[in-house]
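Note that the structure is a prediction, hence the values are computed from the model and not measured. Heads up: numbering here begins at 1 and tracks the sequence. Start at 1 and go down the list; that is how both ligands and their atoms are numbered.
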Amino acid sequence: MYTQIQNINLDETLIEQLLKAKDYLTDNNIVAFPTETVYGLGANGLSEEAVAKIFEAKGRPQDNPLILHISSLEMLKDLAICNDDVFKLAKEFWPGPLTLVLPKKENVPLAVTAGLETVAIRMPSHPIALKLIELCNFPLAAPSANRSGRPSPTSARMVYHDLRTLIPLILDGGACDIGLESTVLDLSSPTPKILRPGQISPQQIQPFLANLADYQGLPKSKRPSAPGMKYKHYKPNVKIILLKDLNKIEDLLTKEDSLKPAFIGLNNPKSKNDSLKKLIFQNPGDLAKNLYSLFFKLEQSLFDLIIIEDIQDKEIGLALMNRILKAADRIVE
Ligand code: TXA
Ligand code: MG
């Protein structure tokens with residue numbers, strides 16, 4: 001299958017530019033599009049035939065449910081059972097990077113929810129995503145537009161790398177603003193809990209939900225402990241080490257004997273190693289925005305080691321450390 005990349009400009013012709021994507025989606029085909037978090041791989045979320053194509057293109061396990069992306073609260077009401085908390089959170093955080101898991105209504109296919117009686121829903125704020133859903137007038141089921149197990153794409157180029165020949169169209173809206181996937185908040189049981197941290201932090205959600213469970217972090221079983229015991233997720237084909245003490249970088253570089261090492265962090269580590277490529281960011285938000293695209297670029301340029309600085313796990317740092325821990329082969333204290 002030929003994969004077209006269509007450049008989209010945010011101007012008064014936006015609707016005309018999106019008509020081709022709308023036609024594809026209406027015909028049960030899949031289209032990749034930008035959101036404020038990462039690129040999504042969209043299909044008509046009410047069509048089992050269309051949703052099946054997402055699982056096939058991604059190589060995604062059938063038991064991993066999808067998020068439905070909506071453009072209005074009317075759509076929400078058709079898809080899920082909502083209480084007052086839902087509308088309060090929607091008013092505060094939508095459109096934006098918050099996904100709510102809610103009891104589903106009948107018209108949501110079980111193919112979307114992987115057989116669950118709950119459905120994940122989010123209203124994205126990216127103008128291309130929002131306008132596309134509005135034009136389609138049906139919810140778009142959309143996981144991140146990567147092959148299963150790879151880092152989420154934050155540019156059209158990354159989508160193309162993973163999914164070329166597998167999908168007909170990629171809408172190119174430039175780099176994603178946030179760069180990490182949305183916060184997933186489960187409201188389907190009596191005690192709401194965060195299933196995946198994102199830019200919207202537990203502290204921001206807490207005032208709206210008195211009984212929000214404390215965020216527990218990654219389960220022990222999914223943290224890297226010994227070499228080789230990695231949780232395969234968000235992972236480029238490069239060895240990744242989380243370094244807790246930057247003073248130990250020289251020591252680490254000697255031991256690892258890497259030919260092409262890179263460092264990603266907020267502070268400039270002291271190292272005499274000339275081959276070390278340093279990628280230093282002003283703040284955790286900038287690092288988050290660039291993390292996946294750096295994974296991609298470093299992999300493409302055949303780096304053989306990425307050392308990442310330990311970052312304080314508050315605000316966006318919580319989401320950042322969650323992704324870094326999942327990608328890391330090893331932690332060096
Ligand atoms: O920012 C995002 O959320 C991006 C953009 C494209 O919107 N999407 C995204 O989708 O990250 P995906 O499929 O890569 O991740 C969705 C997460 C998965 O961890 C999935 O297991 C969880 O949401 N999820 C979906 N439906 C669920 C449900 N009913 N109950 C619990 N978790 C659910
Ligand atoms: Mg994903």
Side-chain angles (χ1 to χ4, degrees), residues 30-43 45 51 54-55 57-71 79-81 93-105 108-126 128-130 132-133 139-156 158-159 162-163 170-171 173 176-189 192-200 218-219 222 231-235 288-289 291-292 295 316 319 322-323 326-327:
I30 52 181
V31 173
F33 61 94
T35 83
E36 70 278 24
T37 56
V38 299
Y39 274 71
L41 180 57
V51 167
I54 293 181
F55 283 90
K58 275 189 66 104
R60 183 175 175 110
Q62 296 288 339
D63 62 355
N64 196 356
L66 305 174
I67 298 173
L68 288 182
H69 295 68
I70 58 170
S71 58
L79 303 170
I81 301 167
F93 296 110
W94 281 357
L98 178 67
T99 296
L100 302 176
V101 174
L102 303 167
K104 83 174 198 73
K105 285 193 175 163
V108 177
L110 289 169
V112 168
T113 67
L116 297 174
E117 284 306 317
T118 57
V119 60
I121 301 183
R122 148 170 137 81
M123 191 190 293
S125 66
H126 195 296
I128 294 176
L130 211 47
L132 182 62
I133 303 163
L140 289 183
S144 49
N146 49 280
R147 289 279 296 169
S148 192
R150 300 266 309 154
S152 296
T154 54
S155 68
M158 288 171 75
V159 178
D162 268 28
L163 297 177
I170 301 169
L171 302 181
C176 299
D177 252 357
I178 298 172
L180 298 179
E181 307 83 349
S182 63
T183 306
V184 179
L185 174 61
D186 186 356
L187 293 176
S188 69
S189 57
K193 59 173 177 293
I194 289 173
L195 302 179
R196 179 177 73 184
Q199 193 198 48
I200 295 177
L218 273 187
K222 291 189 175 171
Y231 178 63
K232 276 192 184 285
H233 231 282
Y234 309 99
K235 178 102 182 82
K289 180 175 172 156
L291 183 75
Y292 291 149
F295 281 174
I316 189 76
N322 168 274
R323 306 311 191 272
K326 285 186 182 180

Sidechain N-carboxylate O distance under 4.0 Å for R122, E36: yes
Contact atoms of ligand 1, heavy-atom distance to P143 under 4.0 Å: 10 (O), 12 (P), 13 (O)
Check: S144 main-chain N/O paired with K58 side-chain donor or acceptor under 3.5 Å: yes
Region of R60 that comes within reach of ligand 1 [heavy atoms, distance under 4.0 Å]: side chain
Stepwise side chain to side chain donor-acceptor pair (under 3.5 Å) check, E181 with S152: CA-CA 8 Å; E181 307 83 349; S152 296; 2.5 Å; yes
Protein heavy atom at shortest distance from atom 29 (N) of ligand 1: T118 OG1, 3.0 Å
Residue selection (non-hydrogen contact nearest atom 4 (C) of ligand 1) among V108, L41, V38: V38
Trace of the side-chain contact (heavy atoms from CB on, under 4.5 Å) decision for L68 with V112: CA-CA 8 Å; L68 288 182; V112 168; 3.9 Å; yes
Polar atom proximity, N64 to ligand 1 (N or O, under 3.5 Å): yes
Carboxylate-amine/guanidinium proximity below 4.0 Å for R147 and D162: no
Within reach of ligand 1, part of T113 (heavy-atom separation under 4.0 Å): neither
Nearest non-hydrogen protein atom, atom 3 (O) of ligand 1: S182 OG, 2.6 Å
Nearest protein heavy atom with distance in Å, relative to atom 30 (N) of ligand 1: V101 CG1, 3.6 Å
Minimum non-hydrogen distance to atom 1 (O) of ligand 1, winning option of N146, T37, V119, L98: T37
CA sep, side-chain torsions, deciding dist, call: F33, L41, side-chain contact (heavy atoms from CB on, under 4.5 Å): CA-CA 7 Å; F33 61 94; L41 180 57; over 6 Å; no
Option nearest atom 26 (N) of ligand 1 (shortest heavy-atom distance, choices A114, A120, P61): A120
Atom 9 (C) of ligand 1: nearest protein contact (heavy atom, Å): S144 N, 3.7 Å
Side chain R60, main chain L66, donor-acceptor under 3.5 Å: no
Presence of N, O or S from N146 under 2.8 Å of the Mg ion (ligand 2): no
Nearest candidate to atom 8 (N) of ligand 1, where distance is taken over non-hydrogen atoms, out of A129, G40, A142: A142
Gap separating the CG atom of L130 from the CD1 atom of I70, nearest 0.5 angstrom: 9.5 Å
R196 N/O under 3.5 Å from ligand 1 N/O: yes
Protein heavy atom at shortest distance from atom 32 (N) of ligand 1: L195 CD1, 3.8 Å
Worked verdict on S182 versus T99 for side chain to side chain donor-acceptor pair (under 3.5 Å): CA-CA 6 Å; S182 63; T99 296; 2.8 Å; yes
Min N/O separation H69 to ligand 1 under 3.5 Å: yes
D186 contact mode with ligand 1 (heavy-atom cut-off under 4.0 Å): neither
T118/L102 under side-chain contact (heavy atoms from CB on, under 4.5 Å): CA gap, chis, key distance, verdict: CA-CA 5 Å; T118 57; L102 303 167; over 6 Å; no
Shortest protein heavy-atom distance from atom 24 (N) of ligand 1, along with the residue and atom involved: P65 CG, 3.8 Å
Ligand 1 contact on I67 by region, counting heavy-atom pairs under 4.0 Å: side chain
